[in-house]
**Q** 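Handing you this structure, nothing more for now.
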Amino acid sequence: MDILKSLNPQQVRAVTAKPGPTLVLAGPGSGKTRVLTHRAAYLIGELKARPFQVMAVTFTNKAATEMGNRITDLLGQRTQGLTLGTFHATCARILRMEAEHLPVNANYVIFDADDQVKIVKQVIRDLNLDEKRFRPQSVHAAISAAKNELYLPEDFPIQTYRDEVVARVYQDYQKTLLLSNALDFDDLLLWMAILLSDRKAVRDKYARRYQYILVDEFQDTNMAQYTLLKQLASYHQNLFVVGDSDQSIYRWRGADYRNVLRFEEDFPGAEVILLEQNYRSTQNILDTAMAIIDRNTNRKPKKLFTERGAGEKISIREAYDEREQAALVVETIIQQISERKASPGDFAVMYRTNSQSRLVEEAFLSANLSYKLVGAQRFYGRREVKDLIAYLRLVANPEDGFSLARVINTPSRYIGTKTFAELITVAGQQQISPGELLLHLAGEEPPELDSFSTPAGKRLAAFGRLLEKWRNAYQTLPPVEILDQILADTDYRTYIEDGTEDGYERWDNVVELRRLASEYQTVGLLAFLEDVALVSDQDTLDPSLEVPTLLTLHAAKGLEFKQVLIIGVNEGILPHQRSFDDPEAMEEERRLFYVGITRAKDNLHLFHSLNRYTFGYFEPLEASRYYRDIPLDLRAEDSFQPVHQLVDSGRLRIGRPWKELQRESASKIARENTFHPGEKVIHPKWGEGLVLNSSLQDDDEILDIFFEGVGKKKLIASLSNLKKIG
DNA sequence: GCATCGGATTTTTTT
DNA sequence: AATCCGATGC
């Protein structure tokens with residue numbers, strides 16, 4: 001079997017496991033994704049499962065896309081119909097098809113974290129509760145946790161007064177969502193689980209259809225996800241899950257690595273397969289990782305091993321403050337490139353909290369070096385992007401009162417809070433949503449309402465007519481054209497482009513959103529809005545940009561980089577202060593560090609800072625307790641030596657783009673020939689070639705190379721990205 | 001209805 | 001330090 005030829009025996013065992021519940025416990029870098037991909041291909045190619053009978057659930061859309069491509073590579077074109085996506089996206093799609101069984105209709109929109117907190121806030125106000133005592137954020141977190149545990153408002157367990165308050169808010173929160181024909185992230189899982197539990201016909205339909213279910217990152221499933229998986233697998237019992245308890249980092253989101261243990265209880269016959277060999281990291285990196293994770297209790301000890309050899313030691317560097325730390329990060333990267341150990345795309349800078357990225361970004365910018373930052377929030381959280389999404393949501397679903405509230409006076413149409421409040425009141429009296437009332441006001445024969453015979457009422461009607469126009473366009477036109485109409489009708493560009501630098505940037509974001517929308521020519525507005533709501537941070541990564549990646553430790557899950565730099569290895573940051581008083585949370589901090597370390601293939605650089613600015617105050621910091629667990633013999637010799645002089649001495653070069661840097665580092669090296677006549681090389685464009693001649697000129701190496709079908713070419717070694725083969 | 005000012009508050013992690 | 005919120009004044 002072709003599919004199996006590149007796998008080790010354990011991987012083969014997993015891929016070819018007989019149908020039935022299967023639990024694959026996979027250490028970092030052990031080929032987990034390979035196993036899942038090959039398993040899917042095996043099911044379709046060898047066991048002759050039809051693609052539509054297979055469901056594969058991944059953690060990010062990016063992982064899903066990659067998996068799809070790799071399955072296609074393995075099989076040819078036979079993946080049509082495969083259900084492949086994140087939990088949330090998969091549920092969203094099924095729920096839309098089964099909307100008749102839900103308290104929302106098929107046009108429902110998905111509310112993002114911002115909207116969710118806004119609703120909670122409004123409910124808290126409507127209930128006359130004290131916002132200081134019941135922070136919307138934290139009440140929302142409690143509601144979210146309840147949903148993940150499958151508690152509906154009426155089942156919410158009440159033990160304290162606070163619980164009682166949360167239950168009341170939850171009740172109204174849920175009502176508000178449904179009135180807006182909207183679901184939140186948690187609802188996607190919750191309603192799916194409820195639908196499958198309560199409607200036997202629906203459960204049977206999907207449980208019979210999905211003969212095979214594959215799940216990635218199983219250690220990070222929550223109760224809702226676990227329950228719906230069990231329901232989906234209730235007929236065929238072919239649930240194949242892959243996970244690693246040591247990499248469970250979403251406890252605060254309801255994830256419970258104990259689902260791994262629960263799996264073995266709930267599926268007594270489950271086959272358990274261990275993947276232990278690591279194909280990613282050097283032994284020094286693995287030893288560091290093990291030294292960290294070994295101190296956690298309640299875990300099965302695991303030995304990570306590789307055939308890659310010891311590799312280089314771990315570097316630990318100390319900075320005076322976080323600014324210097326950032327400079328040091330850039331300096332380290334420059335140094336590694338200069339020594340030709342890596343190229344810009346090989347680096348990742350990881351941190352515990354998003355706010356830590358700022359100084360690193362500034363350091364890159366002041367060195368005139370580009371980088372990419374993982375984080376969907378950066379783009380989708382922008383005001384202008386949110387405005388336009390709100391417009392689109394309103395067009396798709398006029399019942400969405402929250403989007404209406406956002407856009408009704410943006411840009412200003414002189415419809416203020418009072419007029420809007422009146423609209424809501426009258427809509428309430430007529431038992432319709434404000435959006436629908438707005439559409440009625442725009443109609444041929446607007447209802448005779450005293451409250452809207454005013455100038456303000458005229459303005460409402462005018463906006464209603466706009467909405468009506470876009471709604472009509474929505475019936476026939478693709479999303480991007482609706483967006484264009486909205487932009488034109490609201491004169492949005494004039495509104496945001498105020499001549500400032502910011503204004504142009506905002507318009508750039510609009511253009512980018514327009515570009516994204518234009519990819520939804522055929523699938524329509526709802527699909528676009530759904531994808532926009534469910535993008536994960538990793539999805540925003542552009543792999544073709546070969547520059548360093550900046551990301552949180554959480555976002556690093558599932559990724560790998562040749563060189564990993566972790567900053568802020570300090571007490572209070574990693575582990576984070578907020579976890580100090582909770583032993584379970586402290587174990588999770590450790591796992592988080594472990595996840596970061598195990599992303600590294602070749603080099604690991606740890607950084608900590610002696611001081612930091614917090615809320616405007618300068619305060620001392622301690623190095624992280626985790627250092628104490630890293631054996632001395634794994635650390636590079638210069639570790640811990642203060643390096644201030646390095647940065648102060650101006651060795652941190654300013655104003656040098658990556659290309660220049662690489663060219664320069666190449667020329668430094670090119671004092672002797674790296675290529676010799678007769679050697680075979682591979683060129684990204686021309687493919688395989690034969691070196692005819694090599695000479696040194698101006699500190700660089702000039703090559704004559706013969707390419708099959710192309711002819712003889714003169715190339716500069718440092719610029720042409722040649723690789724030796726054979 | 002909108003702009004401005006001053007005071008409070010902020011830093012976990014994300015679909 | 002930077003942002004958010006509410007109160008105040010126009």
**Q** F263(A) and F218(A): aromatic ring centres closer than 6.0 Å?
**A**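 Ring centres of F218(A) and F263(A) closer than 6.0 Å.
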**Q** Nucleotide by nucleotide, 5' to 3', does protein get under 4.0 Å of the base (B), only the sugar-phosphate (S), or neither (-) in nucleotides 9-14 of chain B, counting heavy atoms?
**A** SBSBBB
**Q** Sort and list the pairs that fulfil salt bridge (charged side-chain N to carboxylate O under 4.0 Å, His left out) and have at least one residue in residues 564-580 of chain A, not counting sequence neighbours.
**A**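 Salt bridge (charged side-chain N to carboxylate O under 4.0 Å, His left out) check on residues 564-580 of chain A returns E571(A)-R625(A).
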**Q** Let me know, please, whether R459(A) or A533(A) comes out on the 5' side of the other along DNA chain B by nearest nucleotide.
**A**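 By nearest-heavy-atom nucleotide position, the 5'-most residue is R459(A).
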**Q** For the C1' atoms, the ones on dG6(C) and on dT11(B), what distance do you get once it is rounded to whole angstrom?
**A**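 Comparing C1' positions in dG6(C) and dT11(B) gives a spacing of 23 Å.
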**Q** Quick one, Y170(A) with V123(A), criterion side-chain contact (heavy atoms from CB on, under 4.5 Å). Give me CA distance, side-chain angles, the key distance, then yes/no.
**A** CA-CA 9 Å; Y170(A) 183 9; V123(A) 170; over 6 Å; no
**Q** Suppose you measure atom C1' in dC5(C) against the same atom in dT12(B); what distance do you get, rounded to whole Å?
**A**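 So the two C1' atoms sit 23 Å from each other.
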**Q** Side-chain N or O of T419(A) less than 4.0 angstrom from OP1 or OP2 on dG1(B)?
**A**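 T419(A) to dG1(B) OP1/OP2: side-chain N or O found under 4.0 Å.
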**Q** Over all strands shown, is T60(A) touching base, sugar-phosphate only, or nothing at heavy-atom distances under 4.0 angstrom?
**A**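 Here T60(A) touches no strand at all.
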**Q** Starting from C1' on dA1(C), measure out to OH on Y617(A) and report it in whole angstrom.
**A**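 It is 11 Å, rounded to the nearest whole Å.
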**Q** Using a strict cut-off of less than 4.0 Å between a Lys/Arg side-chain nitrogen and an Asp/Glu carboxylate oxygen, indicate whether E530(A) and R96(A) qualify as a salt bridge.
**A**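 Yes, charged N to carboxylate O under 4.0 Å.
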**Q** Each nucleotide in nucleotides 2-10 of chain C should get exactly one letter: B, S or -. Can you fill that in based on protein heavy atoms under 4.0 Å?
**A** ---SS----
**Q** When you compare dT13(B) with dC4(C), how far apart are their C1' atoms, in angstrom units rounded to a whole number?
**A**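 To the nearest whole Å, 22 Å.
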**Q** For a quick check of understanding: with a heavy-atom distance under 4.0 Å over all strands, which category does N409(A) fall into, base, sugar-phosphate or nothing?
**A**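 The answer is sugar-phosphate, as N409(A) gets under 4.0 Å only of primed atoms, P, OP1 or OP2.
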**Q** Hey, do the aromatic rings of Y492(A) and Y495(A) have their centres closer than 6.0 Å?
**A**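 Y492(A) vs Y495(A): aromatic centres under 6.0 Å.
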**Q** Could you check K557(A) against D220(A) for salt bridge (Lys or Arg N to Asp or Glu O under 4.0 Å), going step by step and ending with a plain yes or no?
**A** CA-CA 11 Å; K557(A) 184 162 86 149; D220(A) 279 322; 2.4 Å; yes
